[in-house]
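Structure, as structure tokens:
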Amino acid sequence: MVIDAVSVSSRPSPRASPPPSTNAQKPNSKGNNSSKLAISIAVPSAILVLVAIAILFFCFWRKKKKAKKFVFVNDEVLTTESLQFNFGTVSTATDNFSEANKLGEGGFGSVYKGTLVDKQEIAVKRLSKNSGQGEQEFKNEVTLVAKLQHRNLVKLVGFSLAGEEKLLIYEYMPNGSLDQILFDSDKCTQLDWERRYRIIGGIARGLVYLHEESRLKIIHRDLKASNILLDKDMNPKIADFGMARLFVLEQTQDSTKRIVGTHGYMAPEYVMYGEYSVKSDVFSFGVLVLEILCGQRNSSFHKSDVARDLLSYAWRHWNNGSDIEILDPTLKDACSRSEVMMCIHVALLCVQENDADRPTMPTVVQMLNNSSVSASHDLPSSPAFFADGTRQITRHPDLNLVRNAEQGSLRNESISEVSTLSVNEISVTELYAR
């Protein structure tokens, strides 16, 4: 019995199975909550990042699109991306717009000579930051000149926009502007009759292109000697389209309450009523032709005993049969008398008071190329603003005058009542340096 008891007591007792674990069946609530929190943070963050990227992309796309398209012409987008220059490139080309490279100064900024890395010479028009018309001038020139291609129009090389800096980049004209040579007592000898006659014809053909042949019908509105540039061969190029206006195909006339232009070159209907058309440019062309013939500015006659203005001076000689006397003395011994007479005839027709009596520019070109056409054309009557001492001009009371004079400009002058003006004079009140 004892042995049996011992053997029984020494036999290992059966091992009790552990109770089933409750953790294996019950989910981990702490881990689940952490996952939910991570997801609730990650998803909105990802959405915010995607929205931010989308906004940045949209802003970049709009900026690029705006820079590329820039302006509209007759509902047509003008693509100017290929013409845009980096400001630093232009600054380097002009030696940081140094005074040594300064070619001149106009109503809306200064012009500098520059040389690009490929040795191309350029003229850079740097629009003044304080110019009230700077932005409009800039848009006009880029919009219009970029689309114009003619041998007698200045070529736009490009432009630059950098903050407040607005630059227009043109082909460089080594002989400068016509006024710098024509009205200089020493340099004017470079312009013999053959060259002057060629300059007159070139300007006329450039205007025909603007008025008739370009797919854009353009009125320049500020044709004058300082806006005619001369290349190395003295060929003329019409420049400065900041004041130009675009006409639709069938449009013949428009009007404005804000007169812009240069005193002495503006047509009477424009000065008095703000009306302008292709015939406004024809009038300015006539004045310019007379200046080229006599070698004197229209304004130089203002206080002269000979005549009150160039138009009156030319008309009196024409009427007296002594028209050849208006010719620059340096030309009288070496010119074609028939060509001179024909040019005077054309100029006086262009400056007629009634715009309907003025020829179109295609007719002008025909007359310049064919003396028989000129001879068969009507004879001119006394020109606009003829200073006979009896006639006065009344300007419309609602017009604002913006005059660009050779030595200064008058801008945004409000006219509150009818002004009675003596012939070829405009009353002004405020002078701004040009």
### Query
Can you name the residues that form a ring pair (Phe, Tyr, Trp, His ring centres under 6.0 Å) with H150, not counting sequence neighbours?
Y209

### Query
Under 4.5 Å between any side-chain heavy atoms of T262 and L223, yes or no?
no

### Query
Within the distance-only criterion (no hydrogens, no angle test), does the side chain of H220 pair as donor or acceptor with the backbone N or O of D240 below 3.5 angstrom?
yes

### Query
Between the side chains of Q352 and S381, is a donor N or O closer than 3.5 angstrom to an acceptor N or O?
yes

### Task
Look at the side chain of D231 and the backbone N and O of M173, then say whether any donor-acceptor pair between them is shorter than 3.5 Å.
no

#### Entry: salt bridge (Lys or Arg N to Asp or Glu O under 4.0 Å) against E339, all qualifying residues, sequence neighbours excluded
none

### Query
Any side-chain heavy-atom pair from L153 and K237 closer than 4.5 angstrom?
no

### Message
Under a 3.5 Å threshold, yes or no: a donor from one side chain and an acceptor from the other, between Y313 and E325?
### Response
no

### Message
List the residues meeting salt bridge (Lys or Arg N to Asp or Glu O under 4.0 Å) with R221, not counting sequence neighbours, and say none if there are none.
### Response
none

### Query
Between N227 (side chain) and D222 (backbone), is there a donor-acceptor pair under 3.5 Å?
yes

### Task
Quick one: list whatever passes ring pair (Phe, Tyr, Trp, His ring centres under 6.0 Å) with F285, sequence neighbours left out.
none

### Task
Indicate the atoms forming the closest heavy-atom contact of T115 with E121, along with that distance.
OG1-CG, 4.2 Å

### Query
Looking only at atom types and distance, does a side-chain atom of Y112 sit under 3.5 Å from a main-chain N or O of E99, one as donor and one as acceptor?
no

### Query
If you measure from CD1 on I169 to NZ on K155, what distance do you get to the nearest 0.5 Å?
13.0 Å

### Query
With a 3.5 Å cut-off and no angle check, do the side chains of D281 and S284 form a donor-acceptor pair?
no

### Query
Between R196 and D328, is there a salt bridge with N-O shorter than 4.0 Å?
yes

### Message
For the backbone of G264 and the side chain of N298, can you confirm whether one donor and one acceptor N or O come within less than 3.5 Å of each other?
### Response
yes

### Task
Name all residues meeting the ring pair (Phe, Tyr, Trp, His ring centres under 6.0 Å) criterion together with Y172; count only those two or more places apart in sequence or in a different chain, and write none if there are none.
none

### Query
Is there a donor-acceptor pair under 3.5 Å between the side chain of D95 and the backbone N or O of S98?
no

### Query
When rounded to the nearest 0.5 angstrom, what is the spacing between CH2 in W315 and CG in D323?
11.0 Å

### Query
Do S322 and N320 have side-chain atoms, one donor and one acceptor, less than 3.5 Å apart?
no

### Task
State, without any angle test, whether N96 and S91 hold a side-chain donor-acceptor pair at a distance under 3.5 Å.
yes

### Message
If we ignore hydrogens and angles and just use 3.5 Å, is the side chain of T92 paired with the main-chain N or O of G88 as donor and acceptor?
### Response
yes

### Query
With sequence neighbours excluded, what pairs up with F183 under the ring pair (Phe, Tyr, Trp, His ring centres under 6.0 Å) test?
none

